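From a predicted model like this one, the values you see are computed outputs, not experimental measurements. Letters A, B, ... are given to chains in the order of the sequence lines, protein chains preceding strands, and every chain is numbered from 1. Side-chain atoms are counted along with the backbone in the values below, which use heavy atoms only and exclude waters and symmetry mates.
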Amino acid sequence: MNHNKVRKYLLIYLDGDLDDNKCSQMEAHIAKCASCRREYERLQHVYKGPQHCRRESAPPFLWTRVNTRLKSLQRERRQGELKTVLPILQPLMTATLLIAAVFCGYFLGNTPVHSDLQQANVAEEVMQQTFDIDVFDPNPPQSLGRAIMMIYERPDEVLP
Amino acid sequence: MQERELIKKLRSGDEQAYKRLFDFYADRIYNICVRFLNSRQEAEDAVQDIFCKIYFSIDRFREDARLTSWIYRISVNHCLNAQRQKRRARFFSLDWLSEGEMTLKSARSDDPQDSLEKKETESIIQAAINGLSEKQRTALVLFRYEGLTYQEIAEVLNISVAAVESRLFQAKQELCKKLLPLLKDF
């Protein structure tokens, strides 16, 4: 193994990821080459395997910040949902009202209207048959109007 | 709590279940975000976005996959998108003219003695990782910083295990090439 190859594989050798054959070649080279050994020692000093790495730990109060952020995001999402629904709902409601108004107009326009005379005849017939009353008689019998009329028309018969 | 039960409760909007999910995944997601975005402030914002995404899209989760893989996938995709947006914004704001490579700012450490060296080595590695292609970087971050197995990375990225191996192999070669010149003065 030459110097370049040894230097290329130094970290892999340090992590113990080289196969046995290459590993023994590396060991042999490092044992006899002073400059490669120096490089190896420097690297070994600086680069330690994963088990030696300092882990960063989360700062205190991070949970409070995460929780606050989450709550505000939930609020924003709810408002956002309303904001997205409103622009759809508004034209929908307007269209519904417009359609209802057109339908009402069409329905009213197509409804047949009875004439006054027809209505009056029907009413007269019903009253006559049911209550024996002539609704078009202005002074029906037993009424005050008929009594007054009798006095005017035939006073000799009515008045003593 | 069983995964299925948790998913069921999440779908019904159970806040306790959501809090449990947060407690379990917050550190992992934050870790990924920091590695991808190189900024703790941006990572915090990203974590919030990711958890909101999880909450609103849990109904779309297909139960033939693992919840962990699904959450990792959402996180990785979110970070990659955020990174692309950031790169685009930086390009149009012409910040790239004045800035060098992005490195992780202000590393936190409880022990001040080892913090300086750790900070330095981490920023060197981070700078080299940032120079990798998107595919290689994603695989390497999940492997190195999240400690995922090849199988898990394959599930997250929806690729075969062989493809993960290949990506990681190339990523490590490329990383080695980038790291060695940076370590000359170390």
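Per-residue heavy-atom pair counts under 4.5 Å with chain A were compared for Ile29(B), Asp23(B), Asp49(B), and the maximum is reached by Asp49(B).
Annotation: side chain of Thr68(A) is not in contact with side chain of Gln48(B) (no heavy-atom distance under 4.5 Å). Looking at heavy atoms from C-beta onward, Tyr55(B) lies out of side-chain contact with Leu73(A) at the 4.5 angstrom threshold.
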Checklist entry - Run the side chain to side chain contact (heavy atoms under 4.5 Å, CB included) check on Leu70(A) and Tyr18(B) step by step: do they pass? => result CA-CA 11 Å; Leu70(A) 194 68; Tyr18(B) 189 62; 3.5 Å; yes
Next on the checklist: Under the criterion salt bridge (Lys or Arg N to Asp or Glu O under 4.0 Å), I'd like the reasoning laid out for Arg69(A) against Asp45(B): C-alpha separation, chi angles, the key distance, then a yes or no.
Outcome noted: CA-CA 10 Å; Arg69(A) 174 85 158 269; Asp45(B) 293 340; 5.4 Å; no
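Smallest separation of non-hydrogen atoms from Glu39(A) and Leu180(B): OE1-CD2, 3.4 Å. Of all the heavy atoms in Phe22(B) and Val66(A), the pair that sits closest is CE1-CG2, 3.7 Å. Pairing each heavy atom of Ser57(A) with each of Tyr30(B), the nearest pair is O-CE2, 3.3 Å. Contact detail for Leu43(A) and Cys176(B): the closest heavy-atom pair is CD2-SG, 3.6 Å.
Other residues, nucleotides and ligands contribute more than 12 heavy atoms inside 6.0 Å of the CD atom of Glu134(B).
For the atom pair CD of Gln173(B) and NZ of Lys5(A), the computed distance is 10.0 Å after rounding to the nearest 0.5 Å. In this structure, the separation between CG on Leu10(A) and CG on Leu179(B) is 10.5 Å, given to the nearest 0.5 Å. To the nearest 0.5 Å, atoms CG (Asp15(A)) and CG (Leu168(B)) are separated by 8.5 Å. From Leu11(A), atom CG reaches atom NZ of Lys177(B) across 12.5 Å, with rounding to the nearest 0.5 Å.
Between Glu174(B) and Lys8(A), no side-chain nitrogen of the basic residue sits less than 4.0 Å from a carboxylate oxygen of the acidic one, so the salt-bridge criterion is not met. Ion pairing of Asp17(A) with Lys172(B) is present here, as a side-chain N (NZ or NE/NH1/NH2) and a carboxylate O approach within less than 4.0 Å.
The side-chain tip of Arg77(A) points at the ring of Phe56(B) from less than 6.0 angstrom away and within 45° of straight on.
Contacts of Arg38(A) with chain B are absent, with no heavy-atom separation under 4.5 Å from either backbone or side chain.
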